[in-house]
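Throughout, protein chains are lettered first and strands after them, A, B, ... in sequence-line order, and every chain is numbered starting at 1.
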Amino acid sequence: MPELPEIETIKNDLAVKLLNKKIVQIKVNLPKIVKNPLAGFLKKLINESFKKVNRRGKLMIFEINKDLFLLIHLRMTGQLIYQEKGVVIAGGHSDTKLDFSLPGKHTHLYFTFADKSQLFFNDLRQFGYAKLVDKKELDQTLLRFGVEPLSADFTLQKLKDLLKNKKRNIKAFLLDQQVIAGIGNIYADEILFASKVFPLRRTETLNAKEIADIHTNTKKILQKAIKYRGTTFNNYVDSEGKKGSFLNFLQVYQRANKPCLKCKSIIKKIKVAGRGTSLCQKCQK
DNA sequence: CTTCTTGTTACTGA
DNA sequence: ATCAGTAACAAGAA
């Protein structure tokens, strides 16, 4: 599941690779992945180039010009893989095959640039999307996003303000993109474990230390995950088709029925906010 | 065969 | 107004 650290990794890589390269060909294999009328989508992009690439939450934003932006959301199983001419890379969804070639079975959209390099949008479950928007629609879209957890805006006071008047469990709060943008199931579980807070705890019952710990751990864990280029346990790969290695640092996510790394009691799995949630009953209160 | 997997939106009901 | 829960989307793993 690509969350903030995974999207940030892809975005940073692409920013040094494909900016200002002329798009000479666009192939759409699965039209529903493109959320615009196809003819206009192709016409507006062909012979143009991406001038900037940004991220907001889990959304990638490619700027074509000041009034045209390509939004790409990978949802759960999307991949964005960039390949220089003639370079055969690992990756795709069959990551056991080291010579996996692109486009593949799950490549729904890809761009070819003037230097023959290519950008492939793969998505096994077809929930991801690409959408061209103007500045007005971009701004409207971005209104729905909460604070960026790694920005200077996300202070302890800001978190306290966000928690004010909220009555829900803390995991649902962390997952709500309109409150804080970019945290998904993996990092929500990791943040709560590190903060010793039980995922079902009501936000109004959190004490000052717990709120401060959640604030600190959110920043720390997301930053560390970016440093290790994200978490791969199934589909996620970076823009070179390579896995992220933060999997090796996960403390609780995907460790159900294994001993807690801190206290050795067995990690439980329950459902919270509709998601599988891993937790330690002894460490998290 | 069934069940589970998850980001987001839409919808229902409390 | 808020929030919880569920279905939907789709395809694969176990």
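Considering only side-chain N and O atoms, A:K269 lies under 4.0 angstrom from the phosphate OP1 or OP2 of B:dT5. Side-chain N/O atoms of A:K271 include none lying less than 4.0 angstrom from OP1 or OP2 on C:dA4. Phosphate contact (OP1/OP2 of B:dT8, side-chain N/O of A:H73, threshold under 4.0 Å): present. For A:R275, a side-chain nitrogen or oxygen approaches OP1 or OP2 of B:dG7 to under 4.0 Å. The side chain of A:Q177 places an N or O atom within less than 4.0 Å of a non-bridging phosphate oxygen (OP1 or OP2) of B:dT8.
Taking the side chain of A:L124 as heavy atoms from C-beta on, and the options C:dG12, C:dA4, B:dG7, the nearest nucleotide is C:dG12. In the set B:dG7, C:dG12, C:dA4, C:dA4 carries the atom at the smallest distance from any side-chain atom of A:R168. Nearest nucleotide to the A:K32 side chain, out of C:dA4, B:dG7, C:dC9: C:dC9. Of the candidate nucleotides C:dA4, C:dG12, B:dG7, B:dG7 has the atom lying nearest to any side-chain atom of A:K58. Listed candidates were C:dA11, C:dC3, B:dT8. Nearest to the side chain of A:K167 is C:dC3.
No cation-pi contact links A:K21 to A:F111, judged by a cut-off of 6.0 Å to the six-membered ring centre and 45° from its axis.
The nearest whole Å value for the distance from the CD atom in A:E3 to the C1' atom in B:dT8 is 13 Å. If you measure from atom CD1 of A:I33 to atom P of C:dA11, you get 10 Å, rounded to the nearest angstrom. Atom CD1 of A:I183 and atom P of B:dT8 are 12 Å apart (whole Å). Following rounding to the nearest Å, A:L71 (CG) and B:dT9 (P) show an atom-to-atom distance of 12 Å. Between the P atom of C:dA4 and the CD1 atom of A:I170 lies a distance of 12 Å, rounded to the nearest Å. The distance from atom CD of A:Q178 to atom C1' of C:dA1 is 14 Å, rounded to the nearest whole Å. One atom, OH of A:Y129, and another, P of B:dT8, lie 8 Å apart when rounded to the nearest Å. Atom CE in A:M1 sits roughly 13 Å away from atom C1' in C:dG12 (whole-Å rounding).
Looking at heavy-atom distances under 4.0 Å, A:G128 makes no contact with the nucleic acid at all. Using a 4.0 Å heavy-atom distance criterion, A:Y253 is classed as a sugar-phosphate-only contact. If you check every strand for non-hydrogen atoms under 4.0 Å, A:R75 touches a base.
A:Y187 is not listed as a side-chain neighbour of A:L4, based on a closest heavy-atom distance of 4.5 Å or more.
Not a single donor-acceptor pair under 3.5 Å links the side chain of A:D189 to the backbone N or O of A:Y253.
For the side chain to side chain contact (heavy atoms under 4.5 Å, CB included) with A:L74, the qualifying choice from A:E3, A:M60, A:K58, A:Q79 is A:M60, the only one to do so.
A:F127 has its ring centre no less than 6.0 Å from the ring centre of A:H73.
Using a 4.0 Å cut-off between charged nitrogen and carboxylate oxygen, A:K285 and A:E210 do not count as a salt-bridge pair.
B:dC1 and C:dC9 have their C1' atoms separated by 22 Å, given to the nearest Å.
A stacking contact between A:F127 and B:dT8 is absent: the pair does not combine a ring-centre distance of less than 5.5 Å to the base's six-membered ring with planes differing by less than 30°.
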